[in-house]
Amino acid sequence: MHRNIAEILIEPERLQARIAELAEKISADYHGRTLSLIGVLKGSVLFLSDLLKGLKLDAHVDFMMVSSYSGQKSTGVVRTLLDLKESIEGRDVLVVEDIVDSGLTVDYLLKNLKTRRPRSVEVCTLLDKPSCRAVKVPIRYKGFEIPDKFVVGYGLDYNELYRNLPYIGVLKPSAIKGK
Ligand code: 5GP
């Protein structure tokens, strides 16, 4: 275990097993259709690539980068830092997120994407912290519900570190600036 991790919440084997289940479900739900996956950079990258490998569908992949976080705190203001390359008009879109916390990011993304007239748009998140919600958002596919703890690993960072850890873990207080 990494020296700055206090506790592992989700082991690699559990992550992979659950992601395989999600891929099966999504493949069945969109059977015969082409799905446009939109990865929300950067945290969703590991999840998106494992999910993508399990899909038995034709799939497009595109990315958006939005920002509402700095360090551990949400600023509450979401902005687009990087937009899609392809049009999503008439497409079945699945937004792939690492974690839904306040819900502000997903709320912003859904409102933004719906203006581009997709055929459908749904959300798939690896992690959900339902106790932190500030705005209600529809989540079609979810990997795990977790408690209100700041987590890192498997794509999720703290100040750009820890994305490479193969598990979801909780940081030690001593590894958080200002503590
Ligand atoms: P929301 O807008 O739902 O509050 O937050 C969504 C974004 O905040 C996520 O995509 C993620 O980048 C970041 N975030 C929220 N909670 C956590 C957390 O526990 N750990 C990390 N590393 N990022 C988080």
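Read the numbers this way: they start at 1 and go in the same order the structure lists the ligands and their atoms.
- For ligand 1 and Lys149, the ligand atoms under 4.0 Å from any heavy atom of the residue are 19 (O).
- Put simply, the side chain of Ser36 never gets that close to the backbone of Val93: no donor and acceptor are under 3.5 Å apart.
- Proximity of a side-chain donor or acceptor of Arg133 to a complementary backbone N or O of Asp101 within less than 3.5 Å is detected.
- Of the charged side-chain nitrogens involved, at least one lies within less than 4.0 Å of a carboxylate oxygen, so that Glu21 and Arg18 count as a salt-bridged pair.
- Counting atoms of ligand 1 from 1 in the listed order, those under 4.0 Å from a heavy atom of Glu97 are 10 (O).
- Every residue two or more places apart in sequence or in another chain that forms a salt bridge (Lys or Arg N to Asp or Glu O under 4.0 Å) with Lys53 is listed here: Asp50.
- For ligand 1 and Val151, the ligand atoms under 4.0 Å from any heavy atom of the residue are 18 (C), 19 (O), 20 (N), 21 (C), 22 (N).
- The contact set between ligand 1 and Ser102, taken as ligand atoms under 4.0 Å from a residue heavy atom, comprises 1 (P), 2 (O), 3 (O), 4 (O).
- The part of Lys129 lying near ligand 1 is the side chain, judged by heavy-atom distances below 4.0 Å.
- Between Leu156 and ligand 1, a contact under 3.5 Å exists for no N or O pair.
- Atom numbering of ligand 1 starts at 1 in the shown order; those under 4.0 Å from a heavy atom of Asp157 are 21 (C), 22 (N).
- Contact annotation: for Asp98 versus ligand 1, heavy atoms closer than 4.0 Å belong to the side chain alone.
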